[in-house]
Amino acid sequence: MTGSQIRQKFLDYFAARGHTIVSSSSLVPHNDPTLLFTNAGMNQFKDCFLGAEKRSYVRAVSSQKCVRAGGKHNDLENVGRTARHHTFFEMLGNFSFGDYFKPEAIAFAWEFLTGELQLDTDRLYVTVYTDDDEAADIWHKQEGVPKERIFRFGEKDNFWSMGDTGPCGPCSEIFWDNGPGTGCGSPDCAVGCDCDRYMEIWNNVFMQFDRQPDGTLVPLPKPAVDTGMGLERITTVMQGVTSNYDTDLLRDVIRNIEQLSGKRYGDREDDDVSMRVLADHSRATAYLIADGVLPSNEGRGYVLRRIMRRAMRHAKMLGFEDPILYRTAVFVLEFMAEAYPEEAERRDFVARVVQNEEHRFIQTLGNGLRILQDEVAKLKADGRSRIPGETVFKLYDTYGFPVDLTADIVEKDGFSLDEEGFESCMEQQRAKAREHWKGSGEEAISAVYKQLVDAGIRSRFSGYQTLEDQGDVL
Ligand code: ATP
Ligand code: MG
Ligand code: MG
Ligand code: MG
């Protein structure tokens, strides 16, 4: 079964059980200024869960484009290193807005996996929240899952909340055993281990309480269900592979990179990492730009820029000297056109934006890398392993190297960054800018504004682009 067929099967399965198929919303959340990017299927339904919005349906199903880079859910550092994390991925989800609850949700999930997809129950495990006996009982008594395959985890993994107050509740997750020989190999490796062996495939959230400002949990009159399953992960399971990058969803993107670079995936570990990063980041770049995010120096645009520059650096490591990301990004849009036709129509725009950014950065990337290499060599000779803050700052300020890019480059040599030193350089620069400002004569500026206004030029509100949760964005 292809990834596309699995996506369709999921939608069809839930549609046949009274769920309305809702298309993916944009990666730029339209109704939530606290969120950097759409990072789960439930985002577009937030107000339905809160009861603030009523729709014509109480059951929904979707396949949602998600990005987890920057902000609270940041998987950027994981990409290329784990077999299961992406910056851009698709989340399949079924939702109940005060309609069905735990027994039905668990029955649907189990039937879909073991009935529709025919997964081997000996390789599946489930988890419930510490004191959620109700869910544990449903798994065991209703679905016949043996007790030893049901794990109980605490707040961190198995309790979900929208914020400090408001809807929240226990979760129940489903894991797939990729088998011996995968993951960390530790004798203690078990469900819950943060490696690739026991792979979380599906999270079922039971919104059951309304948390009050004093912390008490008041039961919701109409509890709700929110679920999320990574399409790439379930495709890994279905295609009998152990890495998302070996599924047809990602393999063709890598194949395209193989063709362009003349290198073969699987030949050299370093190249493989670069190919995975480039494949993943091409997807994120393509869909973020198609959804209207542009590379810039702040907010969402800066997260995109960091993703793109990281992709460019890995492209360079693969031997590309000329712009290539615009081609790999367009390939993604065309390859996934059936599922996302509107985005595919924006391919020319995406290509232009990416190529422009590549032209801006390629030259300085080479120059910056040389500076960094010299610095690393010098420090190594001195027996040191920390890049001074001034160097990190110079690379950032003059060469456009996002700090995490610099960290990523030197990590392999066992180097870390003097982040405090970097911060103080930043502070000095800010202070200088303020100093400058004082003497620059605000009246003159007002006059310029007046001229612009007189000429009919207005400023545009850009809060949605720049305001939100900037996470670790500098
Ligand atoms: P993990 O613990 O593996 O990082 P998570 O608990 O952060 O996953 P959830 O927030 O529960 O993930 O999201 C629901 C589902 O979305 C997960 O069970 C998984 O299948 C998928 N998923 C989450 N993050 C990613 C990612 N970065 N790349 C691909 N799929 C993901
Ligand atoms: Mg995670
Ligand atoms: Mg998890
Ligand atoms: Mg989870």
Side-chain angles (χ1 to χ4, degrees), residues 3 6-7 10 24 27 35-43 62-95 105 109 112-113 117 119 124-129 135 151 153-162 168-178 182-184 190-207 225-238 241-247 249-250 253 276-277 279-281 283-284 287 303 307 471:
I6 296 169
R7 186 196 296 116
F10 185 88
S24 173
L27 284 168
L35 196 62
L36 195 60
F37 297 121
T38 299
N39 61 20
M42 64 81 59
N43 295 162
S62 69
S63 175
Q64 174 67 49
K65 295 178 285 186
C66 294
V67 165
R68 292 193 174 184
K72 200 162 72 177
H73 281 286
N74 186 358
D75 286 332
L76 189 58
E77 317 293 325
N78 283 326
V79 169
R81 304 198 175 121
T82 77
R84 66 193 197 285
H85 286 101
H86 303 295
T87 52
F88 170 90
F89 65 100
E90 290 176 83
M91 196 186 283
L92 305 169
N94 56 291
F95 309 92
F112 183 74
L113 294 178
L117 300 186
L119 295 190
L124 288 166
Y125 294 85
V126 303
T127 69
V128 299
Y129 181 57
F151 291 78
F153 286 125
E155 184 110 10
K156 187 171 100 20
D157 293 296
N158 281 54
F159 199 88
W160 178 90
S161 30
M162 205 174 277
C168 58
C171 322
S172 181
E173 296 193 321
I174 305 173
F175 287 74
W176 173 257
D177 180 2
N178 272 315
T182 61
C184 65
V191 173
C193 177
D194 191 23
C195 75
D196 284 323
R197 174 158 179 185
Y198 295 95
M199 176 171 70
E200 178 187 325
I201 51 174
W202 201 344
N203 188 359
N204 278 251
V205 180
F206 307 123
M207 274 181 226
V225 174
D226 150 32
T227 89
M229 171 156 69
L231 173 65
E232 297 75 6
R233 293 192 191 182
I234 188 62
T235 304
T236 292
V237 174
M238 287 302 289
V241 292
T242 52
S243 162
N244 288 3
Y245 292 90
D246 292 330
T247 65
L249 292 168
L250 271 301
V253 183
R276 287 196 287 268
V277 172
D280 174 273
H281 290 11
R283 300 200 326 157
Y287 285 101
V303 178
I307 293 172

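Atoms within each ligand, like the ligands themselves, are counted from 1 in listed order.
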(message) For a side-chain contact (heavy atoms from CB on, under 4.5 Å) check, start with the C-alpha distance between Lys65 and Thr38, then their side-chain angles and the critical distance, and finish with the verdict.
(response) CA-CA 7 Å; Lys65 295 178 285 186; Thr38 299; over 6 Å; no
(request) Take Ile201 and Leu124, measure what side-chain contact (heavy atoms from CB on, under 4.5 Å) needs, and give me the verdict at the end. (result) CA-CA 10 Å; Ile201 51 174; Leu124 288 166; 4.2 Å; yes
(message) Applying side-chain contact (heavy atoms from CB on, under 4.5 Å) to Val79 and Arg276, what does each step give before you reach the verdict?
(response) CA-CA 8 Å; Val79 169; Arg276 287 196 287 268; 6.0 Å; no
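In this structure, atom 28 (N) of ligand 1 lies nearest to the protein heavy atom His86 N, 2.9 Å. Of the protein's non-hydrogen atoms, Arg233 NH1, 2.9 Å is the one closest to atom 3 (O) of ligand 1. Nearest protein heavy-atom neighbour of atom 15 (C) of ligand 1: Gly228 O, 3.5 Å. Nearest protein heavy-atom neighbour of atom 22 (N) of ligand 1: Phe89 CE1, 3.5 Å.
Listed here is the closest heavy atom pair of Ala69 and Thr87: CB-CG2, 4.2 Å. The nearest pair of heavy atoms linking Tyr245 to Leu250 is CA-CB, 3.7 Å. Summarising the geometry of Gly70 relative to Leu36, their closest heavy-atom pair is C-CD2, 3.6 Å, with the distance given to 0.1 Å. Pairing each heavy atom of Asn203 with each of Cys171, the nearest pair is OD1-CB, 3.3 Å. The two residues Cys66 and Met91 make their nearest non-hydrogen contact at SG-CB, 3.8 Å.
Contact annotation for Met199 and ligand 1: no heavy atom of the residue comes within less than 4.0 Å of the ligand. Contacts of His85 with ligand 1, taken as heavy-atom pairs under 4.0 Å, involve both backbone and side chain. Here Arg68 has side-chain heavy atoms under 4.0 Å from ligand 1, and that is the only part of it that gets that close.
Thr247 places none of its side-chain heavy atoms less than 4.5 Å from the side chain of Leu231.
Arg84 pairs by the salt bridge (charged side-chain N to carboxylate O under 4.0 Å, His left out) definition with Asp194, Asp196, not counting sequence neighbours.
Considering each of Val79, Asp226, Asp75, the one bringing a non-hydrogen atom nearest atom 27 (N) of ligand 1 is Asp75. Taking all heavy atoms of Glu173, Gln64, Glu200 into account, the minimum distance to atom 17 (C) of ligand 1 is reached by Glu200.
Tyr129 and Phe159 have their aromatic ring centers within a separation under 6.0 angstrom.
Looking only at distances, a side-chain donor or acceptor of Ser172 sits under 3.5 Å from a matching main-chain atom of Thr127. Between the side chain of Arg233 and the backbone N or O of Met229 there is no donor-acceptor pair closer than 3.5 Å.
Of all the atoms in ligand 1, the ones that sit under 4.0 Å from a non-hydrogen atom of Met91 are 13 (O), 14 (C), 16 (O). Within ligand 1, counting atoms from 1 as listed, the ones closer than 4.0 Å to a heavy atom of Asn203 are 11 (O). Ligand-side atoms of ligand 1 in range of Ile201: 18 (O), 20 (O), range being under 4.0 angstrom from any heavy atom.
Distances shorter than 4.0 angstrom do not occur between any heavy atom of Glu232 and any atom of ligand 1.
For ligand 1, the polar-atom distance check against Gly230 finds a nitrogen or oxygen pair separated by under 3.5 Å.
Closer than 2.8 Å to the Mg ion (ligand 4) sit the protein N, O or S atoms Glu173 OE2, Glu200 OE2.
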